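Here the structure is a predicted model, which is why all the values come from computation and not from measurement. Both backbone and side-chain heavy atoms feed into the values below; hydrogens, waters and symmetry mates do not.
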Amino acid sequence: MATGRAQFGPVTIAWTDAAASAPPSPRVLGRLGEQQMRKYAALSGDAAKRFLAGRSLLADLIEELTDVADLGFTTTCERCGADHGRPRLERAPVEVSLSYAGSVVAVAAARQTDAAAVGVDIEREPSEGPLTPLRDLERLFAPAEAPDTQGWTLIEAALKADGRGVTVDLAQVKVGEIGTGRLRGSRAVRIPGRDSVDAGVDAGVDAGAIAGPSGFVLSAAMVPAAGERHPA
C-alpha cells in the first residue's frame with residue numbers, strides 16, 4: 001500500500017503502511033524533540049516502525065504548514081501529566097492527530113487559523129463491509145444502539161478533536177446526517193459537555209468519511225477556528 005493523501009476542508013490527511021515505509025531522515029527525527037525520541041527508544045520491532053512512520057508523516061505535513069523550527073512536539077497527557085496523551089505542538093501553530101490500525105498509520109494536520117482542533121481515526125474494514133454493526137461496543141453505547149464501523153470512525157475522530165476521547169458518555173454522542181456540519185459535506189457530531197458558542201449555536205464537531213487506503217475505514221474531524229465559517 002502506497003502512502004496517500006486526502007483533504008477534509010482545511011485538514012490534510014495522510015496515511016502509510018509502516019511495514020513498508022523507509023526510515024525517516026535524521027532531520028525529521030531531530031524535529032520531534034527529546035521527549036519523542038525517549039518514547040521511540042523504549043519501543044522495538046513493529047511498534048517502533050509504526051511510531052516512526054506516524055511521526056514522519058506528521059513532520060512532513062507540519063513542515064508544509066509552518067516554518068517554526070522548534071515544534072514543541074509532545075504527548076504529555078493534559079489531565080494527569082503522564083506520557084500517553086494526544087499529540088500536540090506546543091510552539092507551532094498547527095493542530096495534529098494520529099491513528100493506527102495494525103501497521104497502517106493515518107495522520108491529520110491543519111493550521112490553527114483554520115481549525116481549533118482536528119481528529120483522525122482509521123480501522124480495518126470488516127469482511128462484511130463498513131456498515132457492519134459493532135456488537136462488541138453495545139455495552140459502551142447502551143441504551144443507544146452501537147455504531148457500525150464507519151460510524152465508529154466518525155465518532156472516534158470527533159472525540160479526538162473534542163480532546164476528551166472516550167471519557168464522555170458515548171450513549172449521548174449523536175452523529176448527524178451528511179450535510180449537517182458546518183464544513184461542506186460534513187456531519188455534525190454532538191458530544192455531551194461541549195459549550196455553546198455564538199448565542200446558542202451548539203459547538204459540535206464536524207466529521208466526514210474519507211476515501212482512504214483499500215481495506216480500511218477512515219474518518220476525519222475538525223472544530224473550526226473561532227470566527228471561521230466554512231460553507232455547509
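- A donor-acceptor pair under 3.5 Å links the side-chain atoms of Ser186 to the main chain of Leu183, judged by distance alone.
- Between Arg88 and Glu78 there is a salt bridge, since a side-chain N of the basic residue sits under 4.0 Å from a carboxylate O of the acidic one.
- Hydrophobic clustering keeps Val175 apart from Leu131 (ILVMFWY residues linked when any side-chain heavy atoms are closer than 4.5 Å, directly or through intermediates).
- Ala110 and Val118 get closest at one heavy-atom pair: CB-CG1, 3.9 Å.
- Checking side-chain atoms of Ser99 against main-chain N and O of Ile122 turns up a donor-acceptor pair under 3.5 Å.
- Counting heavy atoms from C-beta on, the side chains of Arg79 and Thr167 come closer than 4.5 Å.
- Using a distance-only test at 3.5 Å, with no hydrogens or angles considered, no donor-acceptor pair links the side chain of Arg124 to the main chain of Gly102.
- For the pair Pro93/Thr113, no side-chain contact is recorded, criterion being any heavy-atom separation below 4.5 Å from C-beta on.
- A heavy-atom distance below 4.5 Å is found between the side chains of Arg55 and Leu98.
- With hydrogens and angles left out, the side-chain atoms of Asp17 and Ser103 include a donor and acceptor closer than 3.5 Å.
- Looking at Pro10 and Met222, their side chains come closer than 4.5 Å, going by heavy atoms from C-beta outward.
- There is no path of hydrophobic side-chain contacts, each under 4.5 Å, that joins Val217 to Val105.
- In this structure, the side chains of Val96 and Ile62 come closer than 4.5 Å at one or more pairs of heavy atoms.
- Between the side chains of Asp83 and Thr75, at least one donor N or O sits under 3.5 Å from an acceptor N or O.
- A donor-acceptor pair shorter than 3.5 Å cannot be found between the side chains of Glu123 and Thr149.
- Side-chain N/O atoms of Glu156 and Ser219 include no donor and acceptor closer than 3.5 Å.
- Counting heavy atoms of neighbouring residues, nucleotides and ligands inside a 6.0 Å radius, atom CD of Gln35 exceeds 12 of them.
- Taking 4.5 Å as the limit, every side-chain heavy atom of Phe73 sits out of range of all side-chain heavy atoms of Arg91.
- At least one donor-acceptor pair under 3.5 Å links the side chain of Ser97 to the backbone N or O of Val120.
- Relative orientation of the Phe141 and Trp152 rings is perpendicular, given thresholds of 30° and 60° on the angle between their planes.
- Closest approach of Gln7 and Ile13 over heavy atoms only: C-CD1, 4.0 Å.
- Looking only at distances, no side-chain donor or acceptor of Thr66 sits under 3.5 Å from a matching main-chain atom of Ala92.
- Taken together through direct or relayed side-chain contacts under 4.5 Å among Ile, Leu, Val, Met, Phe, Trp and Tyr, Val68 and Leu65 form parts of separate hydrophobic clusters.
- Taking the side chain as every heavy atom from C-beta outward, Leu159 and Ile191 approach each other to under 4.5 Å.
- Across Val189 and Ala207, no two heavy atoms sit closer than the pair CG2-CB, 3.8 Å.
- With respect to the salt-bridge test (charged N to carboxylate O, under 4.0 angstrom), the residues Asp162 and Arg194 qualify.
- A distance of 12.0 Å separates CG of Asp148 from CD of Glu128, quoted to the nearest 0.5 Å.
- Of all heavy-atom pairs spanning Ala109 and Val94, the tightest one is CB-CG1, 4.1 Å.
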